[in-house]
Undergrad: 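This structure is in structure tokens; I'll ask about it shortly.
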2 protein chains.
Amino acid sequence: MLLSLDALERRIVVSGHRITAPRRTLLDSMQQLGDHFTAEQLAAAAPGVGRATVFRTLRLLQEIGTVCQVILDDRTLEYRLASGGHHHHAVCSECGSVDDFENADIEVLLHALASLTGFTIETHRLELYGRCAPCTARLAGAELPIG
Amino acid sequence: MLLSLDALERRIVVSGHRITAPRRTLLDSMQQLGDHFTAEQLAAAAPGVGRATVFRTLRLLQEIGTVCQVILDDRTLEYRLASGGHHHHAVCSECGSVDDFENADIEVLLHALASLTGFTIETHRLELYGRCAPCTARLAGAELPIG
DNA sequence: GAGCTACTGAGACATCGTGTCAATACGTGC
DNA sequence: GCACGTATTGACACGATGTCTCAGTAGCTC
């Protein structure tokens with residue numbers, strides 16, 4: 001569920017920054033791009049907004065937790081509107097969809113594991129690559145009738 | 001424990017590629033650079049070897065599982081000689097050290113979690129950022145005597 | 001030693017992101 | 001409604017990182 005433009009703008013104001021026309025344009029474009037997008041796609045979707053502003057705004061939104069980065073399998077970078085909070089990504093290599101997931105068990109397990117070796121976790125990054133449920137189902141169905 | 005130069009070269013041959021002087025130089029430099037290194041550091045440590053060859057060789061070594069990538073907290077990329085097999089990285093933000101770790105529980109948990117949502121995991125990427133054991137101890141000690 | 005082919009180095013190029021700086025627009029106080 | 005201080009912007013140069021091309025070279029194999 002995406003936040004409304006209003007809610008997104010409120011976040012920017014609350015964090016002590018200004019609402020400007022370019023930022024409004026970018027927020028709007030992000031919502032239209034949907035699930036996930038590259039910086040270049042966003043720049044293309046918001047003509048009239050300078051490239052530097054696109055990157056600056058993305059960085060600002062990351063800082064206030066409104067946008068998160070998705071590192072794809074080939075290490076390219078995409079962005080995604082986030083509702084906030086720590087989460088991970090499941091990236092489908094078939095259709096390219098990206099889903100968020102969060103799981104307390106993983107966090108607990110990681111910290112337990114780290115404490116065994118004395119490592120203190122400050123943050124972590126976890127990305128899953130594979131096939132989403134619809135693509136898994138579709139491909140499983142396609143495999144049955146050979147030929 | 002690092003593999004010997006011999007063992008590294010054997011891997012290249014077994015995978016159907018040639019041992020050349022530049023590749024030998026690069027393998028040697030990688031071992032001398034130790035724990036982890038950037039492509040640029042490797043290029044600097046192997047003068048006479050072209051930049052393109054450095055990147056090509058790193059890619060080749062990744063493909064045959066001899067080198068793995070470490071994505072740092074700030075998204076910069078480092079490389080690391082790997083003994084092979086799937087593993088994760090624990091990156092110390094104090095001293096910059098990188099440790100491998102592997103844990104079957106995590107893999108099991110991830111697959112269990114994925115199957116709940118129907119997602120099929122092909123691969124994943126997990127990086128921990130924080131403080132290694134020595135740095136944790138050092139900083140804990142430093143905190144006690146204030147002033 | 002000859003020949004096939006993988007490999008190399010140089011350098012241009014592509015991609016992605018940042019730094020600079022003068023100009024502009026936002027929000028506030030009046 | 002207007003002036004003002006400052007955050008923000010756009011244009012553009014720059015930097016970091018990696019890829020592509022292509023003629024020349026060097027490893028294997030026979």
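All heavy atoms count here, side chains included; hydrogens, waters and symmetry mates do not. Proteins come first, then strands; the chains are lettered A, B, ... in the order of their sequence lines, and each starts at number 1. It should be emphasised that the depicted structure is a prediction, and the values quoted were computed from it without experimental measurement.
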Undergrad: Please state how far atom CZ in B:Arg24 lies from atom P in D:dA26, giving the value in whole angstrom units.
TA: 14 Å
Undergrad: In whole angstroms, how far is the C1' atom of D:dA26 from the NE2 atom of B:His17?
TA: 16 Å
Undergrad: Determine yes or no for a side-chain-to-main-chain donor-acceptor pair under 3.5 angstrom, with B:Thr136 supplying the side chain and B:Arg131 the backbone.
TA: yes
Undergrad: Where each residue is assigned the nucleotide of DNA chain C containing its nearest heavy atom, which of A:Val13 and A:Arg59 is assigned the position nearer the 5′ end?
TA: A:Arg59
Undergrad: For C:dC16, does either OP1 or OP2 sit under 4.0 Å from a side-chain N or O belonging to A:Tyr79?
TA: no
Undergrad: With distance as the sole test, does B:Thr53 use its side chain to make a donor-acceptor pair with the main-chain N or O of B:Val49 at under 3.5 Å?
TA: no
Undergrad: On DNA chain D, check which nucleotide each of A:Val54 and B:Glu40 is closest to and give me the residue with the more 5' one.
TA: A:Val54
Undergrad: Counting distance only, does the side-chain N/O of A:His87 pair as donor-acceptor with the main-chain N or O of A:Asn103 below 3.5 Å?
TA: no
Undergrad: Among C:dC26, C:dG17, C:dG11, which nucleotide has an atom closest to any side-chain atom of A:Arg51?
TA: C:dG17
Undergrad: In terms of side-chain heavy atoms of A:Arg75, which of C:dG11, D:dG18, C:dG17 is nearest?
TA: D:dG18
Undergrad: Write down the distance between CG (B:Leu77) and P (D:dG15), rounded to a whole number of angstrom.
TA: 22 Å
Undergrad: Using a 4.0 Å heavy-atom cut-off across all strands, classify A:Arg56 as base, sugar-phosphate, or nothing.
TA: base
Undergrad: Side chain of B:Thr20, heavy atoms from C-beta onward: which of C:dC7, D:dC20, D:dT17 has the nearest atom to it?
TA: C:dC7
Undergrad: Would you call B:Arg23 and B:Glu9 a salt bridge, taking side-chain N to carboxylate O under 4.0 Å as the test?
TA: no
Undergrad: How long is the line joining CD1 of A:Ile12 and C1' of C:dA25, in whole Å?
TA: 16 Å
Undergrad: How close or far is atom C1' of C:dT18 from atom CG of A:Leu60, stated in whole angstroms?
TA: 16 Å
Undergrad: Does the side chain of B:Arg18 get closer than 4.0 angstrom to OP1 or OP2 of C:dT5 through an N or O atom?
TA: no
Undergrad: Quick one: label A:Gly48 by what it contacts on the DNA or RNA (base, sugar-phosphate, nothing), any heavy atom closer than 4.0 Å.
TA: sugar-phosphate
Undergrad: With the side chain of B:Val49 defined as its heavy atoms from C-beta on, choose the nearest nucleotide among C:dT18, C:dG9, D:dT6.
TA: C:dG9
Undergrad: Of the candidate nucleotides D:dG18, D:dT9, C:dG17, which contains the atom at the shortest distance from the side chain of A:Ala39?
TA: C:dG17
Undergrad: Between P on D:dT21 and CZ on B:Phe55, what's the gap in Å once rounded to a whole number?
TA: 17 Å
Undergrad: Does the B:Asp35 side chain pair with the main chain of B:Val98, one donor and one acceptor, at a distance under 3.5 Å?
TA: yes
Undergrad: Measure from CD on B:Glu78 to C1' on D:dG18 and round the result to the nearest Å.
TA: 16 Å
Undergrad: Rounded to whole Å, please give me the gap between CZ in B:Phe37 and P in D:dT17.
TA: 15 Å
Undergrad: Which label fits A:Phe101 and A:His88: parallel for a plane angle under 30°, tilted from 30 to 60°, or perpendicular past 60°?
TA: tilted
Undergrad: Nearest of C:dG9, C:dG19, C:dA25 to any side-chain atom of B:Pro22?
TA: C:dG9
Undergrad: Respond yes when some side-chain nitrogen or oxygen of B:Arg23 is under 4.0 Å from OP1 or OP2 of C:dT8, and no when none is.
TA: yes
